[in-house]
Amino acid sequence: MNNIKNAILGLFCSVLMVPAAYAGTLDTVKDQGFFNCGVSQGVPGFSNPDENGNWSGIDVDVCRAVSAAIFGDADKVKYVPLTAKERFTALQAGEIDVLSRNTTWTLSRDAQIGLEFAGVNFYDGQGFMVRKDSGITSAMELDGASVCTNLGTTTELNMADFFRANSMAYEPVVFEKADEVVNAYDEGRCDTYTTDKSGLAAQRTKLADPDAHVVLPETISKEPLGPVVREGDGDWADVVRWSLNAMIEAEEFGLTNSNVKTTCAMTSNPVVARLCGKEGGTGAGLNLGDSWSYDIVSKVGNYGDVYEKHVGENTPVGLARAGSPNASYKNGGVLYAPPAR
Amino acid sequence: MRPSKFSNFIFNRNVQGTFYQAITLSLVILGVYYIVQNTAENMMARGLASGFHFLGVESQFDIGMTLIEYSPTSTYFDAFIVGLLNTLLVAGIGIFFATIVGFAFGIMRLSSNWLIAKIAETYIEVIRNIPLLLQIFFWYFAVLRALPKPKQSIEFVDSVFLNNRGLFLPDPNFGEGSSVIFYLFWITIIISISIFIWSKRRQNRTGITFPAFYVSAALIVGVFFAALTATGFPVSFDIPELKGFNYKGGMRLIPELVALTFALSMYTAAFIAEVVRAGIMAVSKGQTEAARSVGLKEGLVLRLIIIPQALRVIVPPLTNQYLNLTKNSSLAAAIAYPDLVLVFAGTALMQTGQAIEIIGMVMGVYLFLSLFTSIIMNLFNRIMKVGER
Ligand SMILES: N[C@@H](CCC(=O)N[C@@H](CS)C(=O)NCC(=O)O)C(=O)O
């Protein structure tokens, strides 16, 4: 019943309080001195709290970048953990201002649900994890399997597509909370656990014996994950979109968290000078100070810094960047930022 | 000064009452109008889809347990029906067991045997004070942990299998000639009911008792087996078989259903037990004493004297407990039981974004179920009511 109560509350809020919440988010945020960022309930490497309740991960760093761009301080963010099912209502109801929580950009979400996607910070695809001792080596061997996954996700639709396309039977077992999915899979309720491959890598660290499981090679969908804002507030969407773009472009031009100070002091490259906030006055159009992109790189880092710190090969999540779509276009990936000028 | 006709009119109670009611009603209508108007405008402004068109669109998702034919090419409306039936199933089974267990514990709690009364009391107090959601999780993961994998299933006579994917039972297939058995079965049921009515009437007239229960039980069972033999056992069983990951064929109870109905029944039973206890205690002691003094045995005292009178007190709060159980079944989403809330207010809502329509439909269902249960219980109450003597 609580679910329904929440939904109704959310509805009423979204219905009655909209005029206040949906335009002028940037001004409101500046006035109150912080903003609310919707994150997951704990996906290591993407958005995950430590024992002290400090959030970290590449999704969290998108919010920190927005905060740095607005306030020159990456920590003016309140994090609101949300299940996959709650996330869109929370955004529409004005409970959060940015949703940065491994959310896939799809047509129906963009066009039908009143959301606006501000870019892609991780190119992903859906995969399957199985127990090693099951002897399964390919997703094509999953005929008749019980499949655990999350409610309210693209995952639910993709698996229906996949099994239908390959004329295989399966039993979906769908939980609202990610921890329950992991638990049920760990207890043997399902033969396989399916979600975004990044999610599999992250959630695997929560299993009783991570090494007893293996992610199958097939990728059955495209999951471009990125930050989302409410539709109808273009100025706010611009701030979020360009905060992400600045992180990507900074990497393209070699501006990193560790060299930004010295490089900016002596650069003669006009693109770098603009990113450093020394030329071009890029802040004006966004209603931000000109040092907005400098602050992002110096307080949070460029895309590569953030990637390696949270999900790269030397982290427990261990997702190699080279050769993946998340490499910069300069290295054969698809990560490519429009110019910040 | 004599009051004028007009002031007479103004100060008339009825007129004033109508006036205030009219004002309230128009305010409510205005309020509703404002909300609807505002909602429609805001939804437009944010590019939210609206209307019930989506109900005819292919859902594109699967559901783990379906009582009717369903696939990803079925519509959202089909998904609604699947969820609704799953909710009704849990509620029905839950109410059945909660009633039996609740009555048992309610009566046990009043037992003069100290140990029995204590056991009942402890059960009631413990269960009532642990949040239901925790109990659901507890039973679900307890069930999963206790049961073996499909390959090591517990077997009974090679046809019933139990593992952490559920309970697998043989599914009866009715072949040619089985309709005869069905007809005979219903005929014996009707005959039994007639026997009950006849024996009751005769007892009222003459005081002679008749073992109606045993006679009709023997009749139903006897005729059933006689018919089975005569038609040469036209019933075959589809026995579950281990194929690949799991058992195929037969009937299946998934662990989510078992854990959810178990938790709901056990939880609601604790409340029903208290309702029953209160009902029994409301029957004055004199009734028991009078019944004993005319020589009724203890079991009959309970069945003929106490329970019928107690029921008058029990039924209204019992109805409430049934409604609670039905509404609490929406916690199903936590353990992946595909009820109305999980399937329709969960998956379907997330895929269409049509929160207002979907939540409206789901609330309508729960409202209807509540009203329906109330109506049934009111009818029952009227029938059970003992006439004033
Ligand atoms: N990208 C998909 C799936 C996102 C999703 O919810 N993934 C799960 C599995 S990694 C998750 O984030 N769970 C974490 C949580 O609920 O806190 C979508 O946008 O629908």
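In what follows, every chain begins at residue 1, and chains take the letters A, B, ... in the order their sequences are listed.
Counting heavy-atom neighbours within 6.0 Å of B:Phe137 CZ, excluding the residue itself, gives a total above 12. Under a cut-off of 6.0 angstrom, the local environment of CD in B:Gln152 is crowded, with over 12 non-hydrogen atoms contributed by other residues, nucleotides or ligands. In this structure, A:Lys177 places its NZ atom where only 12 or fewer heavy-atom neighbours from other residues, nucleotides or ligands lie under 6.0 Å away. Applying the 6.0 Å contact sphere to NZ of B:Lys149 captures no more than 12 heavy atoms from other residues, nucleotides or ligands.
Atom OH of B:Tyr140 is separated from atom CD of A:Glu180 by 9.5 Å, given to the nearest 0.5 angstrom. Residue A:Phe175 holds its CZ atom at 7.5 Å from CD1 of B:Ile335, rounded to the nearest 0.5 Å. Distance check: B:Asp62 CG to A:Arg164 CZ gives 8.0 Å after rounding to the nearest 0.5 Å. Note that CD1 of A:Ile113 is 6.5 Å distant from CE of B:Met350, once rounded to the nearest 0.5 Å. One finds the CD atom of A:Glu171 at 7.5 Å from the CG atom of B:Asn246 (value rounded to the nearest 0.5 Å). Taking CG of A:Leu157 as the start and OG1 of B:Thr347 as the end, the distance is 8.5 Å to the nearest 0.5 Å.
Ranked by heavy-atom pairs under 4.5 Å with chain B, the list A:Leu142, A:Asn158, A:Asp161, A:Thr106 is led by A:Leu142. Heavy-atom pairs under 4.5 Å with chain B were tallied for A:Ser134, A:Ala84, A:Ser108, A:Pro172; the largest tally goes to A:Pro172. Each of B:Gln60, B:Arg145, B:Lys248, B:Met65 has some count of heavy-atom pairs under 4.5 Å with chain A, and the biggest count is that of B:Arg145.
Residue A:Ala169 does not touch chain B at all, counting heavy-atom pairs closer than 4.5 Å. Within the 4.5 angstrom heavy-atom criterion, only side-chain atoms of A:Tyr170, from C-beta onward, approach chain B. Only the backbone of B:Ile63 comes within contact range of chain A, with at least one heavy atom under 4.5 Å from a heavy atom of that chain. A:Arg87 touches chain B through its side chain: at least one heavy atom from C-beta onward sits under 4.5 Å away, while N, CA, C and O do not. Residue B:Phe141 touches chain A through its side chain alone, counting heavy-atom pairs closer than 4.5 Å. Interface residue A:Glu141: only backbone heavy atoms are found under 4.5 Å from chain B. For B:Ser71, no part lies under 4.5 angstrom from a heavy atom of chain A.
Between the side chain of A:Gln112 and the backbone N or O of B:Thr352, at least one donor-acceptor pair lies under 3.5 Å.
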Full working for side-chain contact (heavy atoms from CB on, under 4.5 Å) between A:Val174 and B:Tyr337 | CA-CA 8 Å; A:Val174 182; B:Tyr337 177 75; over 6 Å; no

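Within residues 181-192 of chain A, the residues approaching chain B closer than 4.5 Å by heavy atoms are, in numerical order, A:Asn183, A:Ala184, A:Glu187, A:Gly188, A:Arg189, A:Cys190, A:Asp191. Contacts with chain B (heavy atom to heavy atom, under 4.5 Å) involve these residues of residues 143-153 of chain A, listed by number: A:Asp143, A:Gly144, A:Ala145, A:Ser146, A:Leu151, A:Gly152, A:Thr153.
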